[in-house]
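The structure under discussion appears below in the form of structure tokens.
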Amino acid sequence: MRGYLILLSDGVRIPALTAARQCLVSTGLSGHRSFAAILYQKSQVCIFGIIGAMKIKDVLAGGSPSVSFEVFPPRKDAPFEPVKEAVMRLAQEHPSFMSVTYGAAGGAQANTVGIASFVQKCGVPALAHLTCVSATDESIAAEAASLHAAGIENVLCLRGDMPKDAATPSPGRFAHAVDLVRALKGRGFCLGGACYPECHPECEHMEDDIAHLREKVDAGLDFVTTQMFFDNNIFYRYLSKLRDRGVTVPVIAGVMPVTNGRQIARICRLSGTYLPSRFKAIVDRFGDDPKAMLDAGVAYALEQIVDLFANGINSVHIYTMNKPEVAGRIMANLRGILARPSRKMV
Ligand code: FAD
């Protein structure tokens with residue numbers, strides 16, 4: 001028997017099936033939020049359907065190496081179609097999940113849930129980012145309701161950047177990501193948070209930053225994702241510190257394939273991210289040539305990712321930034337590695 005794996009979600013139709021059998025497919029899917037179901041069997045063909053919704057903690061516990069992607073939603077009043085097109089092409093690379101930013105990189109906050117829902121329609125579990133600075137219990141309850149209504153099971157709990165002219169949020173309003181974790185805990189979501197291998201820029205000491213991270217984890221995070229880094233040794237040292245300080249949840253390593261050399265130099269200056277001289281040489285040499293920078297940026301990210309997997313890191317998050325070509329080139333070089341079982345859980 002030949003097997004076909006088809007990515008499906010509720011409401012998706014399989015053109016080859018008659019109306020009656022479409023109905024069977026719909027019945028088979030509705031209410032199911034789990035992973036795979038045999039939907040249809042006819043002569044030599046067996047069709048499996050996968051629907052997107054799944055908790056990331058279960059993906060990470062699955063024992064296989066995982067690679068996830070990040071996208072940002074359209075800006076306010078911008079069309080959804082180009083972002084949907086990018087999501088569909090990214091989904092074809094079979095990431096373990098895709099995260100959708102909230103108000104970052106110019107994407108409108110209001111569009112995060114719509115794009116996250118579309119990610120799941122493409123058969124990929126979605127992780128919706130949510131920021132909380134100055135939020136209230138009521139505003140977060142409304143956000144949680146709209147995430148539930150869209151079938152989103154995973155939320156990355158973030159503070160967000162402090163508005164430049166704002167003082168500390170007033171009493172009763174959320175000041176840190178931990179407030180969001182506490183507000184969403186017990187509402188049925190799988191919760192993630194952010195962490196910083198080179199210390200959050202507003203925090204003077206790494207020990208304090210890790211203590212704040214530990215507070216978030218103790219409040220209910222299921223996993224954390226790191227800020228991008230360009231020197232894996234910095235990540236390894238950080239991970240070892242986290243484990244020593246009792247942070248035991250999965251840590252997903254964030255890797256940014258750099259395709260715009262000039263921009264990244266500025267971002268890293270602002271965020272205090274260390275740029276190894278090897279990386280600086282690439283930007284100096286190829287930064288003005290988009291095609292050459294794309295080749296070099298993908299090669300550098302790939303080298304980082306292969307090194308991470310070789311050193312027992314199970315989960316890598318690629319800051320793909322709505323660029324299917326970048327994701328495709330990276331994934332094409334990881335097929336054999338991703339087919340292997342994980343060496344150990346980190
Ligand atoms: P927090 O965990 O609240 O930490 C912020 C600072 O406060 C740190 O210095 C921390 O040490 C300190 N702190 C924490 N708790 C306490 C406490 N109880 N008392 C005193 N100090 C404390 N931004 C967006 O706007 N949209 C996005 O979609 C987005 N996605 C991101 C994804 C990832 C993986 C990462 C790493 C960052 C992302 N960001 C995003 C950026 C993020 O919002 C900023 O880095 C922000 O400045 C901090 O967010 P946080 O959730 O880490 O905050």
Side-chain angles (χ1 to χ4, degrees), residues 56 68-75 83 97-113 115-116 119 126-135 140 143 147 152 154-164 166 168-169 171 173-184 191-230 234-235 238 241-242 245 247 249-256 267-268 270-273 315-322:
I56 287 167
S68 50
F69 297 159
E70 182 157 309
V71 294
F72 53 89
R75 289 167 191 269
V83 179
F97 65 89
M98 262 195 253
S99 80
V100 185
T101 63
Y102 188 86
Q109 297 177 346
N111 293 337
T112 297
V113 174
I115 292 297
V119 164
L127 168 63
H129 295 200
L130 180 60
T131 65
C132 72
V133 66
S134 293
I140 294 302
E143 295 276 8
L147 289 160
I152 308 299
N154 307 289
V155 182
L156 194 73
C157 300
L158 299 153
R159 184 196 69 180
D161 288 325
M162 295 289 281
K164 282 193 182 59
T168 314
R173 292 192 174 260
F174 291 21
H176 297 291
V178 67
D179 301 329
L180 180 58
V181 182
R182 289 182 182 130
L184 292 183
L191 301 177
C195 66
Y196 302 84
E198 295 172 75
C199 195
H200 185 265
E202 289 167 32
C203 198
E204 229 170 285
H205 303 292
M206 177 64 102
E207 288 301 329
D208 294 339
D209 204 34
I210 293 179
H212 296 141
L213 176 65
R214 173 78 199 259
E215 199 187 353
K216 282 196 285 196
V217 172
D218 289 348
L221 291 185
D222 297 297
F223 66 92
V224 291
T225 305
T226 75
Q227 177 65 285
M228 64 182 171
F229 54 88
F230 295 100
I234 290 175
F235 172 77
Y238 179 65
K241 265 193 195 150
L242 292 189
R245 305 297 182 276
V247 175
V249 292
V251 178
I252 304 179
V255 172
M256 166 81 93
I267 293 172
C268 290
L270 292 176
S271 65
T273 304
S315 318
V316 173
H317 185 65
I318 308 179
Y319 292 103
T320 44
M321 311 297 284
N322 301 16

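All figures in this text were calculated on a predicted structure; none of them were measured in a lab. Quick note: numbers below take in every heavy atom, side chains included, and nothing from hydrogens, waters or symmetry partners. Counting convention: from 1, in listed order, for ligands and their atoms alike. Quick note: residue numbers are just sequence positions, from 1.
To the nearest 0.5 Å, atom CZ of residue Phe72 and atom OG1 of residue Thr320 are 9.5 Å apart. Here CZ of Arg159 is found 14.5 Å from CZ of Phe174. Values are rounded to the nearest 0.5 Å. Rounding to the nearest 0.5 Å places CD of Glu70 at 7.0 Å from CE of Met321.
For ligand 1, one of its N or O atoms has an N or O atom of Gly160 under 3.5 Å away. The shortest N/O to N/O separation between Lys216 and ligand 1 falls below 3.5 Å. On a distance-only criterion, Ala177 and ligand 1 share at least one N/O pair closer than 3.5 Å. Not one N or O of Glu202 is nearer than 3.5 Å to an N or O of ligand 1, by distance alone. Of the polar atoms of Asp209, at least one N or O is found under 3.5 Å from an N or O of ligand 1, judged by distance alone. On a distance-only criterion, Asp208 and ligand 1 share no N/O pair closer than 3.5 Å. For Glu70, no nitrogen or oxygen atom sits less than 3.5 Å from a nitrogen or oxygen atom of ligand 1, counting backbone and side chain alike. Considering backbone and side-chain atoms together, Thr226 places no N or O closer than 3.5 Å to any N or O of ligand 1. The distance criterion of under 3.5 Å between nitrogen or oxygen atoms is not met by Gln227 with respect to ligand 1.
Between Lys216 and Cys157, the closest side-chain pair of non-hydrogen atoms is not below 4.5 Å. Annotation: side chain of Arg182 is in contact with side chain of Glu215 (closest heavy-atom distance under 4.5 Å). Residues Cys203 and Tyr196 form no side-chain contact, since every pair of their non-hydrogen atoms from C-beta on lies 4.5 Å or further apart. Between Ile234 and Glu198, the closest side-chain pair of non-hydrogen atoms falls below 4.5 Å. Side-chain contact between Glu143 and Leu184 is absent, with no heavy-atom pair separated by less than 4.5 Å. Residues Ile210 and Leu242 have side chains in contact (heavy-atom distance under 4.5 Å, counting atoms from C-beta outward).
Proximity of Glu215 to ligand 1, defined as any heavy-atom pair under 4.0 Å, is confined to the side chain (atoms from C-beta onward). Within the 4.0 Å heavy-atom criterion, the part of His212 lying near ligand 1 is the side chain and not the backbone. Counting heavy atoms closer than 4.0 Å to ligand 1, residue Thr131 contributes side-chain atoms (C-beta onward) but none from N, CA, C or O. Counting heavy atoms closer than 4.0 Å to ligand 1, residue Leu156 contributes side-chain atoms (C-beta onward) but none from N, CA, C or O.
Among Leu158, Leu130, Leu180, the residue whose heavy atom lies nearest to atom 40 (C) of ligand 1 is Leu158. For atom 30 (N) of ligand 1, the candidate residues are His129, His205, Arg159, Met228; the nearest heavy-atom contact is made by His129.
Using a 4.0 Å cutoff on heavy atoms, Val178 does not count as a contact of ligand 1. In this structure, Tyr319 is part of the shell of residues with a heavy atom less than 4.0 angstrom from ligand 1. Judged by the shortest distance from any of its heavy atoms, Phe72 lies outside the 4.0 Å radius around the atoms of ligand 1.
If you check which protein heavy atom lies closest to atom 52 (O) of ligand 1, you get Tyr196 OH, 2.7 Å. Counting protein heavy atoms only, atom 26 (N) of ligand 1 is closest to Tyr102 O, 2.7 Å.
Heavy-atom contacts from other residues, nucleotides or ligands closer than 6.0 Å to CZ of Arg245 number more than 12.
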Identify each donor-acceptor pair in which a side-chain atom of residues 221-228 lies under 3.5 Å from a protein atom, sequence neighbours left out, and give them as a table.
| residue | atom | partner | partner atom | Å |
| --- | --- | --- | --- | --- |
| Asp222 | OD2 | Leu191 | N | 2.8 |
| Thr226 | OG1 | Gly254 | N | 2.8 |

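Those atoms of ligand 1 with a heavy atom of Thr101 less than 4.0 angstrom away are 28 (O).
For Arg214, the salt bridge (Lys or Arg N to Asp or Glu O under 4.0 Å) partners at least two apart in sequence or on another chain are Asp218.
Side-chain atoms of His200 come within 3.5 Å of backbone atoms of Glu202 as a donor-acceptor pair (strictly under, hydrogens ignored).
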